[in-house]
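A short write-up of the structure that comes next.
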2 protein chains.
Amino acid sequence: MPNSKPDFKIPHATCIVFLMAVRMKDIAKDLGLSVVTISKVLRNHPDIAEATRERVLKRVRELDYQPNLMARSLVTGRSYLIGLVVPTVLHPFFAEVAMALSSVVTKRGYSLLLASSEEQPELEAREIQQLMARQLDALVIASCATDTAALEKLARNGSPYVLIDREIAGLAAHFVGVDDIEAGRIATEHLIEQGCKRIAHLRGRDTSTGNKRHDGYRLALHKHAIEYRESLVVSSPWVDIDGIRQGTEAIRKLLAADAVPDAVFAYNDPMAIGAMRAILDAGLRIPEDIALVGCGNLHYDGLLRVPLTSIDQHSAAIGERTAQILLQLIESKTPPQPASVILSPSLIVRASSQRKPTL
Amino acid sequence: MPNSKPDFKIPHATCIVFLMAVRMKDIAKDLGLSVVTISKVLRNHPDIAEATRERVLKRVRELDYQPNLMARSLVTGRSYLIGLVVPTVLHPFFAEVAMALSSVVTKRGYSLLLASSEEQPELEAREIQQLMARQLDALVIASCATDTAALEKLARNGSPYVLIDREIAGLAAHFVGVDDIEAGRIATEHLIEQGCKRIAHLRGRDTSTGNKRHDGYRLALHKHAIEYRESLVVSSPWVDIDGIRQGTEAIRKLLAADAVPDAVFAYNDPMAIGAMRAILDAGLRIPEDIALVGCGNLHYDGLLRVPLTSIDQHSAAIGERTAQILLQLIESKTPPQPASVILSPSLIVRASSQRKPTL
DNA sequence: AGTGTTTACTTTATCGATTTCTGTAACCTA
DNA sequence: TAGGTTACAGAAATCGATAAAGTAAACACT
């Protein structure tokens with residue numbers, strides 16, 4: 001017997017210190033009722049006399065009984081667990097999404113299982129496997145995967161899931177995120193409007209966000225008849241894990257290659273911050289010599305050495321919308337068709353890009 | 001039958017798409033073995049012939065079988081779940097602790113359940129309750145509670161737990177954090193050494209960290225025979241949730257009251273950042289008019305408008321040490337006596353406090 | 001009075017695993 | 001050859017709950 005416990009009768013209203021958790025069986029034995037009756041009381045089943053209900057609830061309070069949610073889940077098939085897989089919670093964007101998500105689902109009785117993929121597709125696949133084994137009700141994934149294998153397995157398994165931030169090509173799934181092409185376009189056009197001609201882009205990895213912001217960048221250049229130059233685009237690994245350093249190094253690379261730009265659009269704010277450091281360290285001025293735009297609109301952007309112009313991704317809204325979809329997926333009998341919620345990014349202009357006075 | 005499933009025989013090596021998860025029972029039926037045998041194979045029980053073992057493993061791979069961890073936990077009494085309760089993951093300190101903790105325990109097969117108390121003791125108590133019902137193997141708590149009720153219940157329940165960052169008076173528990181008195185002392189003495197005389201403190205809430213940093217502040221003043229003035233100490237609510245604004249308002253309050261300091265030690269970095277904004281907005285210079293020291297040493301501290309002197313709390317180390325203690329608590333038969341791991345904070349000097357040139 | 005309906009519980013089966021105990025050959029040993 | 005081991009597999013009980021079906025008593029109606 002792994003969890004043995006003597007089924008002795010607990011004296012009324014005295015003993016309050018327990019070593020093992022109280023079970024329904026204990027309460028039932030105490031009151032001379034069956035386990036099922038206790039269970040029904042706790043789930044507000046109508047089938048119970050008022051007097052009995054109160055007797056049970058009284059004892060439940062006395063013993064401070066907590067139902068074993070695992071046992072319950074095993075039989076109901078509902079775990080009230082939601083998994084969240086992100087590259088890292090160190091990046092404030094994901095932390096904010098996590099908070100917003102958590103605060104909505106917690107109110108409905110769900111708990112959040114957090115896993116981080118550290119931007120490694122294999123690790124992500126393992127984490128998803130591990131979470132699936134825990135019978136989650138649903139999963140939220142900001143995937144760093146490039147193939148659809150892990151997620152197709154999820155779908156086969158019948159586990160509902162929602163992608164956030166990053167879409168995956170060739171996968172019809174629920175998605176919540178911002179319009180990243182638009183984000184890239186707005187940022188770049190803003191720089192163009194400030195009179196910049198040689199606009200560099202510190203691009204993100206080969207994910208939908210990285211690619212689309214880059215696409216938006218090209219689109220804006222093209223629209224304004226500015227030549228796209230490979231030499232002004234820098235790729236870095238780990239942009240989400242270690243963005244600041246990646247940004248610094250990217251700028252050093254540009255400057256060393258004599259490919260000096262007059263503006264930089266960085267994939268995210270940490271990279272922009274790194275870029276800021278490298279630019280200032282090189283003795284250049286922001287925005288006079290190089291104008292700078294980031295993406296993410298972190299809380300402290302306005303308080304940086306040079307307040308940073310950035311694209312707001314509405315992280316809290318992403319978390320909330322995701323939570324809504326999740327609850328729908330879980331609670332409706334006929335799950336809705338895969339749908340995308342694409343939020344419009346907003347440009348927040350600060351000093352790092354402002355060459356012309358506002359009119 | 002809530003989770004009914006026909007026990008049909010799956011044709012070999014063809015059907016790969018499933019709607020319901022595969023169970024041991026399916027594999028057993030497939031191979032003409034008993035469930036127990038499958039279970040033994042999967043747990044490397046010696047009691048199995050090599051030929052059988054391979055037949056089972058082959059089928060397990062074919063069907064991509066994943067054991068139902070809930071069912072397993074129910075009988076073993078081990079869930080391989082660890083709960084983490086923090087005031088918020090928006091604060092980078094907690095995000096960093098969470099990441100470090102997660103990365104250690106994940107490698108050992110544990111998953112992390114995340115809950116945030118939003119700095120509200122009642123919410124914290126509810127979250128702890130909810131997590132306990134999930135039969136966690138252990139709990140990590142950065143508590144915002146002032147009384148010991150919720151945690152005593154935990155102890156009664158036999159759930160191992162570790163406090164981090166904030167201690168609770170009158171509770172003998174495992175604890176991992178920095179020496180906050182020392183943190184307050186170092187920060188304040190540094191300001192004194194820079195020649196500051198009227199040092200304000202934006203203090204944290206009535207938690208061990210808030211109180212101890214304040215104690216350290218008083219200690220340093222006393223040591224250097226500087227009078228402690230109530231008027232230079234500002235208390236704010238929600239210092240961890242909404243620190244930037246609290247910092248801004250605190251400074252405005254000081255300036256409005258004509259209690260203009262020549263230095264400010266802020267409870268944490270977000271508050272320091274808010275303070276920075278208010279000071280600069282008021283047309284004062286940092287550090288010439290007011291020197292500023294924060295606490296937390298966030299990644300971007302060096303890139304703020306005025307690079308911020310701060311106290312490093314070794315968040316990653318806290319996460320890792322906590323993980324070690326957790327694993328000990330869970331895996332050893334005779335849990336060790338409650339012990340505290342107190343790390344020494346380090347002062348990171350940057351421009352915001354540097355009035356005298358470094359020698 | 002006889003039959004149907006409620007009301008309030010209980011009994012039995014089940015969820016998907018693990019643990020402990022049994023059972024059966026085959027193989028040794030004296 | 002009898003008695004004892006060893007190797008391998010299965011049966012039954014269990015974990016702590018819920019679901020579905022069953023039952024006994026009280027009440028209702030014609």
Side-chain angles (χ1 to χ4, degrees), chain A residues 1-7 18 20-56 60 63 65-80 132-137 157, chain B residues 1-7 18 20-56 60 63 65-80 132-137 157:
Chain A
M1 278 180 291
N3 296 343
S4 70
K5 172 176 180 176
D7 287 336
F18 303 101
M20 297 284 301
V22 186
R23 300 151 304 169
M24 284 196 176
K25 195 196 284 189
D26 303 316
I27 297 177
K29 200 157 277 185
D30 269 22
L31 303 177
L33 291 168
S34 78
V35 180
V36 178
T37 305
I38 316 299
S39 172
K40 284 181 175 169
V41 169
L42 292 173
R43 284 171 300 129
N44 283 313
H45 194 103
D47 226 35
I48 300 288
E50 195 48 41
T52 315
R53 177 184 306 281
E54 281 174 8
R55 240 165 30 107
V56 171
V60 161
L63 298 184
Y65 169 78
Q66 286 293 119
N68 181 326
L69 295 185
M70 291 209 142
R72 174 183 288 174
S73 299
L74 188 57
V75 51
T76 59
R78 287 282 308 275
S79 63
Y80 281 87
M132 271 168 63
R134 294 192 186 274
Q135 316 297 115
L136 306 184
D137 288 345
N157 201 264
Chain B
M1 279 180 292
N3 297 343
S4 71
K5 172 177 181 176
D7 287 337
F18 303 101
M20 296 286 300
V22 187
R23 300 152 304 168
M24 283 196 176
K25 195 197 284 189
D26 304 315
I27 297 178
K29 199 157 279 186
D30 268 23
L31 303 178
L33 292 168
S34 79
V35 184
V36 182
T37 306
I38 316 299
S39 173
K40 284 179 176 170
V41 169
L42 291 173
R43 284 172 299 128
N44 285 312
H45 193 103
D47 227 39
I48 300 288
E50 196 49 41
T52 316
R53 178 184 304 280
E54 282 175 7
R55 246 171 20 113
V56 171
V60 161
L63 298 184
Y65 169 78
Q66 287 291 120
N68 182 324
L69 295 185
M70 291 209 141
R72 174 182 288 174
S73 299
L74 188 56
V75 49
T76 60
R78 287 282 309 275
S79 63
Y80 281 88
M132 271 168 65
R134 293 192 187 275
Q135 316 296 117
L136 307 184
D137 288 345
N157 201 266

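We name chains A, B, ... by the order of the sequence lines, and we start the count at 1 in each one.
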Side-chain contact test, heavy atoms from C-beta onward, threshold under 4.5 Å: evaluate it for [X] versus [Y] and give yes or no.
X	Y	value
A:Ser79	B:Met70	yes
A:Gln66	B:Asn157	no
A:Asn68	B:Leu74	yes
B:Leu69	B:Tyr80	no
B:Tyr65	B:Ile38	no

If you compare every side-chain N and O of A:Tyr65 against the phosphate oxygens of D:dG16 (OP1, OP2), does one of them come in below 4.0 Å? no
Atom-to-atom span, [atom1] of [X] to [atom2] of [N] - whole angstrom:
X	N	atom1	atom2	answer
B:Arg78	D:dG16	CZ	P	16 Å
B:Glu50	D:dA9	CD	P	11 Å
B:Leu74	C:dG16	CG	P	12 Å
B:Gln135	C:dA17	CD	C1'	16 Å
B:Ile48	D:dG10	CD1	C1'	10 Å
A:Leu33	C:dC9	CG	C1'	8 Å
A:Arg23	D:dT14	CZ	C1'	11 Å
A:Met24	D:dA19	CE	P	11 Å

Residue [X], side-chain atoms from C-beta onward, closest of [options]:
X	options	result
A:Ala71	D:dG16, D:dG10, C:dT18	D:dG16
A:Thr52	C:dC9, C:dA17, D:dA9	C:dC9
A:Val75	D:dT18, C:dT19, C:dC9	D:dT18

Residues forming a side chain to side chain donor-acceptor pair (under 3.5 Å) with B:Arg134, sequence neighbours excluded: A:Ser111
Which part of the nucleic acid does B:Leu69 contact within heavy-atom distance under 4.0 Å: base, sugar-phosphate only, or nothing? nothing
If you assign each of B:Asp47 and B:Met70 to its closest nucleotide in DNA chain C, which residue comes earlier from the 5' end? B:Met70
Which comes earlier along DNA chain D counting from the 5' end, the contact point of B:Ala49 or that of A:Pro67, where each point is its nearest nucleotide? B:Ala49
For DNA chain D, find the residues of residues 36-45 of chain B with a heavy-atom distance under 4.0 Å and give them by number; none if there aren't any. B:Val36, B:Thr37, B:Lys40
Just list the side-chain donor-acceptor pairs under 3.5 Å for residues 43-51 of chain A, sequence neighbours left out, or say none.
{"unit_1": "A:Arg43", "atom_1": "NE", "unit_2": "A:Ser39", "atom_2": "O", "d": "3.3"}
{"unit_1": "A:Arg43", "atom_1": "NE", "unit_2": "A:Ser39", "atom_2": "OG", "d": "3.1"}
{"unit_1": "A:Arg43", "atom_1": "NH2", "unit_2": "A:Ser39", "atom_2": "OG", "d": "2.7"}
{"unit_1": "A:Asp47", "atom_1": "OD2", "unit_2": "A:Lys40", "atom_2": "NZ", "d": "3.4"}

